[in-house]
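One structure is given here, and the rest of the page talks about it.
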Amino acid sequence: MPSLFELPTPRAARALLGATLVHGRVAGTIVETEAYAAEDDPACHACNRRTARTEVFWGEGGLAYVYLCYGLHWCLNVVAHPKGRGGVVLLRAAMPVSGLDEMRRRRGRDDPPERVASGPARLTQAFGVSGVLNGADLRRGEFRIEPPVRRPGRIAAGPRIGITKAVGLLYRYWIEGHPAVSK
DNA sequence: CAATAGATCATCT
DNA sequence: GATGATCTATTGC
């Protein structure tokens with residue numbers, strides 16, 4: 001029985017819906033993800049470019065890949081792929097379970113719960129995630145992901161957001177009808 | 001309400 | 001020197 005983080009990346013992305021992201025006192029349910037495969041996926045940072053930064057794509061499942069986007073936003077990914085391959089899952093949105101005040105304080109604004117972590121960069125802001133957590137082991141510790149305890153609702157799929165390549169791949173997944181899914 | 005500009009930097013060419 | 005897996009504020013209808 002392979003762990004959640006050893007599934008093919010698109011399946012791992014779906015399996016992470018309904019999981020809980022925890023960082024200390026703050027926790028939330030993951031409601032939206034995207035898959036980025038290292039092979040055969042031109043939109044992926046690691047496609048044909050195995051460099052120092054992307055090395056973790058082929059690393060142990062469950063490790064964090066955190067990178068800076070557009071010079072000011074952090075994005076949080078989890079390494080997930082069958083052994084011998086490479087790929088990560090981008091965490092795009094979460095619904096707060098605890099620590100809502102902390103999230104609002106970090107964001108510096110009084111967002112409603114379903115919007116405070118609705119978007120890749122909002123999520124990292126609300127959860128206090130930045131580059132120093134790159135490479136962290138999300139399977140254990142203060143900063144971790146707990147597998148879903150129940151099946152989430154119906155899962156929808158669509159094209160990924162904000163990319164210019166491989167637009168035809170339906171690698172974005174979300175819990176259908178969930179208010180915290182990004183716009 | 002929809003469209004767009006600007007912020008800002010690690011990483012790679 | 002170019003390039004983004006984004007967000008927000010502001011402008012223009």
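Chain letters run A, B, ... following the sequence lines, proteins first, then strands; residues in each count from 1.
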Paired to C/dA5 by Watson-Crick or G-U wobble criteria (both distances under 3.5 Å) is none

Return the polar atom pairs (N/O with N/O) between nucleotides 2-5 of chain C and the protein under 3.5 Å, or none.
from  : atom 1 : to    : atom 2 : distance (Å)
C/dA5 : OP1    : A/H45 : NE2    : 2.7
C/dA5 : O4'    : A/Y36 : OH     : 3.4
C/dA5 : N7     : A/H45 : NE2    : 3.3
C/dA5 : N1     : A/N77 : OD1    : 2.5

The reported gap from CG in A/L17 to CH2 in A/W174 (rounded to nearest 0.5 angstrom) is 10.5 Å

### Task
Compare side-chain N and O positions of A/R107 against OP1 and OP2 of C/dC7 and report whether any pair is under 4.0 Å apart.
no

Shortest non-hydrogen pair, A/P82 vs A/P8, comes out as CD-CA, 3.6 Å

Item to complete: Looking at every strand, decide which applies to A/R115 at a 4.0 Å heavy-atom threshold: base, sugar-phosphate, or nothing.
Response: nothing

Atom CZ of A/R49 and atom C1' of B/dT11 are separated, to the nearest Å, by 11 Å

Using Watson-Crick geometry (N1-N3 plus N6-O4 or O6-N4) or G-U wobble (N1-O2, O6-N3), each under 3.5 Å, B/dT8 is paired with none

Query raised in the report: Does NZ or CZ of A/R49 come closer than 6.0 Å to the centre of the six-membered ring of A/F57, within 45° of the ring's axis?
Result: no

For the C1' atoms, the ones on B/dA10 and on C/dT8, what distance do you get once it is rounded to whole angstrom? 22 Å

Same apolar cluster (I L V M F W Y, side chains within < 4.5 Å links), A/L4/A/Y173: no

With the side chain defined as heavy atoms from C-beta on, A/L72 is closest, among B/dA7, B/dC12, C/dC7, to B/dA7

| Within the distance-only criterion (no hydrogens, no angle test), does the side chain of A/H81 pair as donor or acceptor with the backbone N or O of A/G59 below 3.5 angstrom? | yes

- Query: Does CZ belonging to A/R107 count more than 12 external heavy atoms closer than 6.0 Å?
  - Reply: yes

To the nearest angstrom, the NZ-P distance between A/K183 and B/dC1 comes to 10 Å

Under 4.0 Å, heavy atoms only, any strand: does A/R53 hit a base, just the sugar-phosphate, or nothing? sugar-phosphate

